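Counting starts at 1 for both ligands and their atoms, in listed order. Keep in mind it's a predicted model, so treat the numbers as computed, not measured.
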Amino acid sequence: VYFYSAPENFNEEMLRGKRVIVTGASSGIGEQMAYHLARMGAHVLVTARTEAKLQKVVERCRELGAASARFVSGSMEDTAFAEEVVKEAENTWGGLDMLILNHIGHSYFNYFDGDVDHIRKLLETNFLSYVAMTVTALPMLKESEGNIVVVSSVAGKAPGPFAAPYSATKFALDGFFSSLRHEFIIENVNVSITLCILGYIDTDNAMQAVSHAIKVAPSPKEECALEIIRSGALRQHELHYPPGIVNGMLLLRGLAPGFLDTLIRSNIVRFGQPVPQAAPGTSAQPPSVRER
Ligand SMILES: NC(=O)C1=CN([C@@H]2O[C@H](COP(=O)(O)OP(=O)(O)OC[C@H]3O[C@@H](n4cnc5c(N)ncnc54)[C@H](OP(=O)(O)O)[C@@H]3O)[C@@H](O)[C@H]2O)C=CC1
Ligand SMILES: CC(C)CCC[C@@H](C)[C@H]1CC[C@H]2[C@@H]3C(=O)C=C4C[C@@H](O)CC[C@]4(C)[C@H]3CC[C@]12C
């Protein structure tokens, strides 16, 4: 508790004129981070696959007062693209202050189906591209004494069911970046690494995927996006958002892991399968988690 509640003074001016890359910024939390950064007067480079959406995000960033805004489109399934995005920042800005790694590839919310290739592909997108961007950006981040922000999930600390591939990629991020942080401290590399442990957030994609299955209420993506930027700028090691639920879960994980697991399962009511439509005159019976 002491560690994560150390004195902190965030001022939005801290981001003015800063050069920031945001991945997965065509929707959800990434899009909201781009808008906050724009409002704070940062230079933003946003990336994702869908050019039409990125075009709109860039326009909105300009309206909100970004020092500059541009996009590069492509897929992070390919680590060559990940490196290309960082090169683009180097060519346009000649440096970089903050690297926000946020994108995720599509996965399913259901029992693990045995598809090993899916996990390999998801690791490329959700994990290896993060490593590749970090490697390419590191010389610039050392120069600016900048920040690396890695967006993860409670599923990357205390997993629930139906997200085995996704959870694996988020655990990989914790292992890699928490180890790398030690090395930076040992070697006096003044680049901060912030691992963001997020609970359930109300983005369109997450709501579509799991709102029928999760009992807890989602937290707002706008506030979540601001907290991520804030903790990155303050060089915190970890962000836990929303703090009550995530800190509670992590505390229980240490004290009573079996109880936490039961609690997680009891908060997931249905999943994956279409909810049957009620026939006229009958009431719909949702499928139970045991049915498959
Ligand atoms: N929402 C939630 O409940 C939670 C989210 N998180 C984490 O927060 C982060 C953001 O989540 P959220 O905003 O909900 O996600 P969204 O699904 O809204 O956004 C994902 C972004 O990644 C992009 N993307 C998808 N596939 C690829 C690809 N192959 N290559 C490059 N970009 C890709 C998407 O754009 P496009 O399709 O155009 O490529 C989009 O911009 C993720 O790291 C997620 O794990 C953590 C805990 C809970
Ligand atoms: C026990 C409870 C107090 C809290 C349980 C919270 C659990 C159920 C929450 C916390 C993190 C959440 C997942 C997440 O990280 C990101 C995504 C990606 C998105 O595209 C689809 C939904 C998915 C898989 C979320 C599913 C629900 C999870 C596991």
Side-chain angles (χ1 to χ4, degrees), residues 22-34 46-57 71-79 81-82 84-85 100-110 121-122 124-130 133 149-167 169-171 173 195-222 224-225 227-228 239-242 244-250 252-253 259-269 271-272:
V22 186
T23 72
S26 67
S27 67
I29 301 163
E31 177 184 2
Q32 297 305 318
M33 287 195 275
V46 293
T47 180
R49 290 168 308 174
T50 320
E51 194 169 331
K53 287 193 199 166
L54 290 171
Q55 186 69 59
K56 285 191 181 140
V57 172
F71 73 86
V72 197
S73 61
S75 176
M76 292 287 180
E77 266 171 58
D78 180 2
T79 49
F81 175 71
E84 189 187 314
V85 174
I100 304 183
L101 301 167
N102 165 77
H103 63 277
I104 44 168
H106 183 261
S107 189
Y108 55 88
F109 187 70
N110 212 324
K121 226 166 130 181
L122 205 63
E124 291 274 349
T125 306
N126 293 9
F127 173 60
L128 288 176
S129 67
Y130 282 44
M133 289 187 82
V149 178
V150 177
V151 181
S152 185
S153 161
V154 295
K157 287 273 192 195
F162 313 130
Y166 172 80
S167 241
T169 66
K170 293 302 195 186
F171 267 78
L173 290 173
L195 183 71
C196 304
I197 307 301
L198 308 182
Y200 180 29
I201 312 297
D202 69 356
T203 64
D204 293 347
N205 285 341
M207 301 284 284
Q208 233 175 48
V210 296
S211 64
H212 61 290
I214 309 287
K215 277 188 190 170
V216 293
S219 304
K221 58 178 187 261
E222 297 81 2
C224 177
E227 287 303 307
I228 294 173
L239 164 70
H240 296 169
Y241 178 88
I245 290 178
V246 177
N247 283 325
M249 287 176 72
L250 298 186
L252 267 185
R253 186 184 56 146
F259 177 63
L260 173 65
D261 285 348
T262 308
L263 195 73
I264 292 173
R265 283 193 298 274
S266 70
N267 274 282
I268 297 176
V269 286
F271 70 98

Practice item. Output yes when the distance from some N or O of ligand 1 to some N or O of Ile29 is under 3.5 Å, and no in every other case. Key: yes
Review point. Which heavy atom of the protein is the closest neighbour of atom 30 (N) of ligand 1, given with residue, atom name and distance?
Key: Met76 N, 2.8 Å
Exercise for review: May I ask whether Gly199 has any heavy atom positioned less than 4.0 angstrom from an atom of ligand 1?
Suggested key: yes
Exercise for review: Identify the protein heavy atom lying closest to atom 3 (C) of ligand 2, giving its residue, its atom name and the separation to 0.1 Å.
Suggested key: Val216 CG1, 3.7 Å
Review point. What do you reckon, does Ser152 have a nitrogen or oxygen under 3.5 Å from a nitrogen or oxygen of ligand 1?
Key: no
Practice item. Mark yes or no for whether Thr23, through its side chain, and Thr47, through its backbone, hold a donor-acceptor pair below 3.5 Å. Key: no
Practice item. Do me a favour and list the nearest non-hydrogen protein atom to atom 11 (C) of ligand 2 with residue, atom name and distance? Key: Ser153 OG, 3.4 Å
Review point. Are any side-chain N or O atoms of Lys221 and backbone N or O atoms of Gly30, one a donor and one an acceptor, separated by less than 3.5 Å?
Key: no
Practice item. Supply the atom-to-atom distance Glu84 CD to Met133 CE, rounded to the nearest 0.5 angstrom. Key: 10.5 Å
**Study point:** atom 29 (C) of ligand 2: the protein heavy-atom neighbour that sits closest, reported with distance to 0.1 Å
**Key:** Ala155 CB, 4.5 Å
Review point. Closest approach of Ser26 and Glu31, non-hydrogen atoms and distance?
Key: O-OE1, 3.8 Å
Check your understanding: Quick one: does Leu198 get an N or O within less than 3.5 Å of an N or O on ligand 1?
Key -> no
Exercise for review: Decide side-chain contact (heavy atoms from CB on, under 4.5 Å) for Ser107 and Phe162; before the verdict, give the C-alpha distance in whole Å, the side-chain angles of both, and the deciding distance to 0.1 Å.
Suggested key: CA-CA 10 Å; Ser107 189; Phe162 313 130; over 6 Å; no
Practice item. Determine yes or no for a side-chain-to-main-chain donor-acceptor pair under 3.5 angstrom, with Asp202 supplying the side chain and Pro218 the backbone. Key: no
Exercise for review: Determine yes or no for a side-chain-to-main-chain donor-acceptor pair under 3.5 angstrom, with Thr169 supplying the side chain and Phe127 the backbone.
Suggested key: no
Exercise for review: List the closest protein heavy-atom neighbour of atom 10 (C) of ligand 2: residue, atom name, distance to the nearest 0.1 Å.
Suggested key: Val154 CG2, 3.2 Å
Study note, to complete from the structure: Residue set satisfying salt bridge (Lys or Arg N to Asp or Glu O under 4.0 Å) with Lys157, at least two apart, ordered chain then number -> Asp174, Glu238
Check your understanding: Any nitrogen or oxygen of Asn102, main chain or side chain, under 3.5 Å from a nitrogen or oxygen of ligand 1?
Key -> yes
Check your understanding: So, is Asn205 polar-close to ligand 1, with some N/O to N/O distance under 3.5 Å?
Key -> yes
Practice item. Identify which of Val46, Val246, Ile201 has a heavy atom lying nearest to atom 3 (O) of ligand 1. Key: Ile201
**Study point:** Element-labelled atoms of ligand 1 that are located less than 4.0 Å from some non-hydrogen atom of Thr50
**Key:** 36 (P), 37 (O), 38 (O)
Exercise for review: Provide, to 0.1 Å, the distance between atom 22 (C) of ligand 2 and the closest protein heavy atom, together with that atom's residue and name.
Suggested key: Val210 CG1, 3.7 Å
Exercise for review: Could you tell me if any non-hydrogen atom of Lys170 lies under 4.0 Å from any atom of ligand 1?
Suggested key: yes
Practice item. Would you check whether Tyr166 reaches within less than 4.0 Å of ligand 1, judged by its heavy atoms? Key: yes
Review point. Got a donor-acceptor contact below 3.5 angstrom from the His103 side chain to the Thr125 backbone?
Key: yes
Review point. Is atom 25 (C) of ligand 2 less than 4.0 angstrom from at least one protein heavy atom?
Key: no
**Study point:** Sub-4.0 Å protein heavy atom near atom 7 (C) of ligand 2
**Key:** no
Exercise for review: Evaluate the side-chain contact (heavy atoms from CB on, under 4.5 Å) criterion for residues Leu239 and Ile197: first the C-alpha distance (whole Å), next the side-chain angles of each, then the deciding distance (0.1 Å), finally the verdict.
Suggested key: CA-CA 6 Å; Leu239 164 70; Ile197 307 301; over 6 Å; no
Check your understanding: What protein heavy atom sits nearest atom 34 (C) of ligand 1, and how far off is it?
Key -> Ser26 OG, 3.8 Å
Practice item. Select the closest option to atom 5 (C) of ligand 2 among Met249, Arg265, Lys170, Lys157, judged by heavy-atom distance. Key: Met249
Review point. Does the N or O separation between Ser75 and ligand 1 drop below 3.5 Å for any pair?
Key: yes
Exercise for review: Could you check which of Tyr108, Phe109, Tyr166 puts a non-hydrogen atom nearest to atom 17 (C) of ligand 2?
Suggested key: Tyr166
Check your understanding: Would you call Ala155 a ligand 1 contact, heavy-atom distance under 4.0 Å?
Key -> no
Check your understanding: Passes side-chain contact (heavy atoms from CB on, under 4.5 Å), Thr203 versus Ser27? Steps please.
Key -> CA-CA 8 Å; Thr203 64; Ser27 67; over 6 Å; no
Point to revise | Heavy atom of the protein closest to atom 18 (O) of ligand 1 (residue, atom name, distance) | key: Ser27 OG, 3.1 Å
Check your understanding: Which residue owns the protein heavy atom closest to atom 14 (O) of ligand 1, what's the atom, and how far is it?
Key -> Thr203 OG1, 2.7 Å
Review point. Considering only protein heavy atoms, which is closest to atom 1 (C) of ligand 2, and at what distance to one decimal place?
Key: Ile264 CA, 3.6 Å
Check your understanding: What protein heavy atom is closest to atom 7 (C) of ligand 1, reported as residue, atom name and distance in Å?
Key -> Val151 CG1, 3.7 Å
**Study point:** Which of the ligand 1 atoms, numbered from 1, are nearer than 4.0 Å to a heavy atom of His103
**Key:** 22 (O), 32 (N)
Check your understanding: When you measure from atom 20 (O) of ligand 2 to every protein heavy atom, which one gives the shortest distance, and what is it?
Key -> Ile104 CD1, 4.0 Å
Exercise for review: Would you mind checking which non-hydrogen protein atom is closest to atom 23 (C) of ligand 1, with the distance to 0.1 Å?
Suggested key: Gly24 CA, 3.9 Å
Check your understanding: At what distance is the nearest protein heavy atom to atom 28 (C) of ligand 2, and which residue and atom is it?
Key -> Ile214 CD1, 4.8 Å
Practice item. With heavy atoms only and a cut-off of under 4.0 Å, state how Ala209 meets ligand 2: side chain, backbone, both or neither. Key: side chain
Check your understanding: In Å and rounded to the nearest 0.5 Å, what is the OG to OH distance from Ser211 to Tyr200?
Key -> 5.0 Å
Practice item. Could you pull out, from Thr125, Val22, Ile104, the option with a heavy atom nearest to atom 26 (N) of ligand 1? Key: Ile104
**Study point:** Test log, rule side-chain contact (heavy atoms from CB on, under 4.5 Å), inputs Leu198 and Ile29
**Key:** CA-CA 11 Å; Leu198 308 182; Ile29 301 163; 3.8 Å; yes
Point to revise | Whether Ser75 side chain and Arg49 backbone form a donor-acceptor pair below 3.5 Å | key: no
**Study point:** ligand 1 atoms in contact with Ala25 (distance to a heavy atom under 4.0 Å)
**Key:** 41 (O)
Practice item. Heavy atoms only: give me the nearest Gly156-Lys170 pair and the separation to one decimal. Key: CA-CB, 3.5 Å
Practice item. Report yes if some N/O of Arg49 lies less than 3.5 Å from some N/O of ligand 1; otherwise report no. Key: yes
